[in-house]
Asks: 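Can you read through this structure? Questions will come right after.
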Protein chains: 2
Amino acid sequence: MAPRVKPSLDTVFAALADPTRRAILAMLLEDDMAVTDVADPFEMSLAAISKHLTILASAGLITQEKRGRVKWCKLEPDAMKGASVWMQGFGQFEPVNLDAFERFLGVELRMEEEE
Amino acid sequence: MAPRVKPSLDTVFAALADPTRRAILAMLLEDDMAVTDVADPFEMSLAAISKHLTILASAGLITQEKRGRVKWCKLEPDAMKGASVWMQGFGQFEPVNLDAFERFLGVELRMEEEE
DNA sequence: GGGATCGTCAACCATCTGGTTGAATATGCT
DNA sequence: AGCATATTCAACCAGATGGTTGACGATCCC
């Protein structure tokens with residue numbers, strides 16, 4: 001029942017390769033959310049979002065806890081550690097720059113609106 | 001002719017999601033390589049490796065320059081910057097730890113041998 | 001010129017991915 | 001009990017992905 005595998009680089013990178021899933025992770029930065037609420041801003045079906053959440057969960061990037069009929073989704077940023085360390089082995093990237101991060105988030109969201 | 005698009009998070013993460021491609025990047029850390037030499041340690045066809053290299057190139061993670069009949073592949077670690085910054089927005093991961101990186105490389109290579 | 005080497009192209013194939021819809025399950029509310 | 005809400009399941013579909021093989025165009029070398 002507990003999330004089985006070691007979240008491999010394969011599954012983490014693959015999970016992060018989809019813009020919908022990255023947007024979900026960004027939403028979860030602010031707070032834990034129910035599946036329905038996660039789905040709300042997207043134009044796709046609830047079932048599709050549910051699948052995305054399953055993928056994020058099996059990559060270890062989120063955990064889901066059912067309380068009552070609501071399943072709460074919680075960001076697990078530590079799951080990115082391995083991938084982050086791996087990438088940083090390729091170059092000393094600029095010291096963690098939150099401004100740049102927010103700019104990226106902004107660009108991503110804007111792209112989805114335009115689509 | 002020049003690599004067209006802005007290497008998006010989509011293409012970078014997708015490129016990194018494949019273990020063969022990550023192994024290729026790790027090889028290129030040591031030195032630039034010809035396509036044939038890149039393909040050598042793998043058990044798949046040269047054409048398959050050529051495709052992987054194309055994917056890496058269109059994600060901006062490598063560049064390829066043809067000199068004579070040999071096409072040289074060069075690592076372009078800066079293409080990871082965006083992805084790295086994006087991930088670091090989710091948590092302050094341990095200050096660049098090369099030991100951990102080499103451990104990861106080791107694990108990845110070992111996995112391929114066993115397969 | 002002619003043969004070997006380097007690399008890509010084209011066609012093909014099996015499998016994965018991301019989405020849909022409709023039905024099913026589980027919980028909460030009155 | 002009976003209805004509404006929350007979420008998943010199952011079947012299906014189109015298109016992407018990762019691999020193969022065989023032919024092809026370039027380039028180097030004798």
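Quantities reported herein were computed from a predicted structural model and do not represent experimental measurements. Each chain gets a letter, A, B and so on, in the order the sequences are listed, and its residues count up from 1.
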Asks: Distance check needed: D:dT5 P versus A:D37 CG, whole Å only.
Replies: 14 Å

Asks: Which nucleotide in the set C:dT20, C:dA26, D:dA6 lies at the smallest distance from any side-chain heavy atom of A:K66?
Replies: C:dA26

Asks: Just the rounded figure in Å: distance from C1' of C:dG7 to CG of B:D40.
Replies: 15 Å

Asks: In whole Å, I'd like the distance from the CZ atom of A:R67 to the P atom of D:dT7.
Replies: 12 Å

Asks: Tell me what A:A34 touches on the nucleic acid: a base, only sugar-phosphate, or nothing, going by heavy atoms under 4.0 Å.
Replies: sugar-phosphate

Asks: Side-chain N or O of B:S45 versus OP1/OP2 of D:dT20: is the shortest distance under 4.0 Å?
Replies: yes

Asks: Is there a side-chain contact between B:K71 and the phosphate of C:dT8, meaning an N or O under 4.0 Å from OP1 or OP2?
Replies: yes

Asks: Please collect all salt bridge (charged side-chain N to carboxylate O under 4.0 Å, His left out) contacts where either partner lies in residues 60-73 of chain A, sequence neighbours excluded, each pair once.
Replies: A:E65-A:R67

Asks: Quick one: is C:dG7 close enough that its OP1 or OP2 comes under 4.0 Å of any side-chain N or O from B:S50?
Replies: no

Asks: Strictly below 4.0 Å: does B:R21 bring a side-chain N or O up to OP1 or OP2 of D:dG18?
Replies: yes

Asks: Check the distance between D:dA6's P and A:I49's CD1 and give it to me in whole angstrom.
Replies: 15 Å

Asks: Just to verify, what does A:E30 make a salt bridge (Lys or Arg N to Asp or Glu O under 4.0 Å) with, not counting sequence neighbours?
Replies: none

Asks: Of the listed nucleotides (D:dC28, D:dT7, D:dG18), which one gets closest to any side-chain atom of B:R69?
Replies: D:dC28

Asks: Specify the separation, in whole Å, of atom CE of A:M44 and atom P of D:dC13.
Replies: 21 Å

Asks: Would you kindly give the CG-to-P distance between B:L46 and D:dG19, to the nearest whole Å?
Replies: 13 Å

Asks: Find the distance B:H52:NE2 to C:dG7:C1' and express it as a whole number of Å.
Replies: 16 Å

Asks: At less than 4.0 Å, is any side-chain N or O atom of B:K51 found next to OP1 or OP2 of D:dT17? Yes or no.
Replies: no

Asks: For the side chain of A:R22 and the backbone of A:A15, is there at least one donor-acceptor N/O pair under 3.5 Å apart?
Replies: no

Asks: Starting at atom CD1 of A:I55, determine the distance to atom C1' of C:dC16, rounded to an integer number of angstrom.
Replies: 10 Å

